[in-house]
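Notes follow once the structure below has been shown.
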There are 2 protein chains.
Amino acid sequence: MLEAKLAEAGTLKKLLDSIKELVTDANFECNEEGLNLQAMDNSHVALVAVHLEAAGFKRYRCDRPMPLGVNLSSLTKVLKCAKDDDECTLKAADEADVLNLVYEAKNSDRIAEYDMKLMDIDSDTLGIPDTDYDAEIKMPSAEFARIVRDLSALGESVRIEVSKEGVRFASEGESANGSILLKKEGEIPPVKTDKERKAEKARARGEKPEEDEDEENDGDDEKPKEKKVKKEKVKKEKDADEDVEMDEDEKDEEEFKPNSDDEGEKSEPEEEDDEEEESGKKRKKKANGSSKPAKKAKTAKGKGKAKKEEENQPYFEFGMNSHVSLTFSLKYLVNFSKSTSLTNMVELRMSNEVPLLVDYDFGQGFVRYYLAPKIGDE
Amino acid sequence: MLEAKLAEAGTLKKLLDSIKELVTDANFECNEEGLNLQAMDNSHVALVAVHLEAAGFKRYRCDRPMPLGVNLSSLTKVLKCAKDDDECTLKAADEADVLNLVYEAKNSDRIAEYDMKLMDIDSDTLGIPDTDYDAEIKMPSAEFARIVRDLSALGESVRIEVSKEGVRFASEGESANGSILLKKEGEIPPVKTDKERKAEKARARGEKPEEDEDEENDGDDEKPKEKKVKKEKVKKEKDADEDVEMDEDEKDEEEFKPNSDDEGEKSEPEEEDDEEEESGKKRKKKANGSSKPAKKAKTAKGKGKAKKEEENQPYFEFGMNSHVSLTFSLKYLVNFSKSTSLTNMVELRMSNEVPLLVDYDFGQGFVRYYLAPKIGDE
DNA sequence: GCTGACCGGT
DNA sequence: ACCGGTCAGC
């Protein structure tokens with residue numbers, strides 16, 4: 001059975017609001033690490049992956065993995081009955097066909113309880129491989145929303161180009177063309193390694209970065225990535241690393257491949273997904289450990305953290321291993337940007353010919369969108 | 001070529017919002033003095049005239065006059081991509097078929113650039129003569145907007161009547177009639193002369209009225225208008241005055257005549273344009289003199305300036321030379337009042353049988369609407 | 001049938 | 001104040 005108590009129902013409300021237009025029905029996969037939802041959008045063009053980590057709940061218990069087939073508009077309706085600051089407890093018995101939601105107003109005797117019918121949904125749970133990207137942009141989510149909204153008034157598509165000058169969003173329309181350049185002062189560093197990403201997250205979460213230094217010691221600034229930095233790193237790790245868990249994450253990753261070179265990075269998943277997405281079991285520890293320094297560091301990172309400062313202070317941060325230029329449907333990006341209310345930062349990760357990852361990482365989990373680039377002049 | 005940098009894109013956005021419903025395509029005529037747009041509304045009933053003076057730009061350069069044929073809804077779209085406080089630079093090459101707009105966020109590395117297609121538009125640039133009116137009402141723009149909106153709920157037309165009791169807006173509808181009276185305390189002075197208008201503008205702009213007196217001396221108020229009040233005052237001044245600049249504004253006034261007695265007022269324009277638009281050289285000083293007491297007083301004005309105080313403090317101000325009563329379509333007036341966001345004051349100028357002038361004068365230019373009165377019971 | 005304007009709700 | 005939905009006009 002599942003019993004998960006969220007401190008603020010508002011979190012769930014915002015989450016549902018941001019994806020309900022894209023997906024109408026989906027399974028919430030519950031396991032000891034948290035809740036996960038993965039689904040193609042209704043027109044099967046984009047993929048949405050949501051994760052709420054167990055640690056983000058005030059109380060979390062899930063005896064064994066179970067899927068909860070939810071109609072998102074029903075859930076949205078039921079959630080509207082909660083105030084944003086109500087505590088919200090989700091409960092489902094093992095073979096239940098209903099999800100029980102209890103809202104407890106803070107400092108009050110009001111308790112509302114709802115039972116929402118569940119449904120059976122074929123979940124072709126697509127594996128989403130952890131891939132390395134050639135470019136990444138971390139920026140204020142409101143800024144991203146603004147850019148795609150502006151450009152969507154002009155045309156259907158946007159070309160996102162990461163080059164030495166910075167990041168350019170360009171769109172062509174019948175009556176006007178638009179181009180927005182986010183200039184990067186100074187050199188654009190290579191993209192961060194998964195490890196670095198983890199460390200930052202841990203820091204953002206308030207964990208002690210005991211080993212900041214050691215990263216560097218390890219020669220974290222390393223040698224740089226020729227191309228896809230990450231991969232390289234991957235390889236290395238792979239060699240020296242424990243490949244043990246690679247299978248865990250790998251199993252179903254064939255469906256939606258953000259990147260064609262996933263074979264190599266199996267080992268990585270541990271870091272990235274560890275914490276938030278799937279297995280998380282053992283991985284977790286290491287992941288947290290922003291500390292596992294040496295090995296990871298060597299490949300490519302070197303920069304990110306410096307500007308990391310406040311997770312709450314919007315800022316820009318770019319990483320680039322090679323020039324990237326991709327074209328996407330603005331309609332989807334505009335839709336993705338509904339997640340802006342979840343967190344004030346968004347991260348875009350891209351490699352040529354590979355689906356774009358738009359990542360909204362909020363404290364207790366994330367919403368990630370994958371969107372394949374347009375090819376040619378479609 | 002044209003290159004004009006506006007400190008706040010918001011100014012242009014508001015301007016476009018206020019006229020785009022009335023006019024869909026129009027030429028922005030650029031010359032060294034600024035940008036001008038003149039167009040009949042789509043149903044050819046009203047005339048809109050917009051002016052943005054060169055001095056209102058942070059930087060302004062226009063090598064030689066050129067028309068920019070703009071589709072206003074395209075421009076509106078493109079402007080929506082600017083934040084109100086972005087700096088906005090308009091650029092067009094000499095024979096360009098695109099207008100380039102660059103938005104620079106203050107304090108940021110974000111630069112957005114748009115190219116909007118231009119079109120060829122037959123511009124029958126109508127001359128708008130500077131005319132004298134028998135009545136003028138300066139009032140808070142929000143008040144005007146409220147009045148026409150309220151009355152438009154009752155009927156199609158409004159009769160605007162300026163008499164000794166003040167200004168009355170009256171409308172008759174099927175189920176109700178409405179009448180709003182703006183009472184004038186004390187005598188209603190004659191309308192202001194152009195010169196006085198100029199002076200006020202200069203003052204509002206913060207120019208020093210060093211020469212209050214001297215105005216009177218030079219008889220700067222020129223000779224103008226024989227007819228309406230202005231004339232009166234005019235006459236007096238006329239004698240003593242220089243007629244030098246009279247020609248400047250007159251040139252093309254045949255097309256749309258708000259007033260039939262334009263012949264006489266040639267000299268006035270100077271003041272108006274002097275300071276902000278064109279020459280500004282000498283006129284300026286005299287204009288400023290809010291103090292020019294003696295002479296002016298005699299003819300007709302004598303009042304206006306007193307309440308002039310803050311350009312930002314809404315107030316009422318009436319001027320009347322003779323009783324005026326005109327009927328207008330409320331639909332248009334409601335539409336005109338979209339310009340309320342540009343400035344908190346609006347000025348109505350009227351003479352019997354002549355198109356009403358609704359003038360929204362904001363710091364960096366103006367939007368003026370001309371609407372012919374309804375005749376008989378149409 | 002499509003685009004634009006107006007009104008109401010969040 | 002902004003966005004979405006509905007209604008009217010072209």
Please work out which of the three classes, parallel, tilted or perpendicular, describes the rings of B/Phe336 and B/Tyr369, given edges at 30° and 60°. parallel

Nearest 0.5 Å please: distance from the CG atom of B/Leu79 over to the OG atom of B/Ser74. 10.5 Å

Partner of B/Asp359 under salt bridge (charged side-chain N to carboxylate O under 4.0 Å, His left out), chosen from B/Lys138, B/Arg349, B/Arg368: B/Arg368

If I take atom NZ in residue A/Lys80 and atom P in nucleotide C/dT10, what distance separates them, rounded to the nearest angstrom? 9 Å

In the structure I gave you, are the side-chain heavy atoms of A/Thr343 and A/Asp361 within less than 4.5 Å of one another anywhere? no

Output all residues satisfying ring-ring contact (aromatic ring centres under 6.0 Å, His included) with B/Tyr114, sequence neighbours left out; order by chain, then residue number. B/Tyr103

Table of protein N/O atoms under 3.5 Å from nucleotides 1-8 of chain C N/O atoms:
{"from": "C/dA5", "atom 1": "O3'", "to": "B/Glu21", "atom 2": "OE2", "distance (Å)": "3.2"}
{"from": "C/dC6", "atom 1": "OP2", "to": "B/Glu21", "atom 2": "OE1", "distance (Å)": "3.4"}

Separation of B/Lys14 atom NZ from D/dA1 atom P, in whole Å? 12 Å

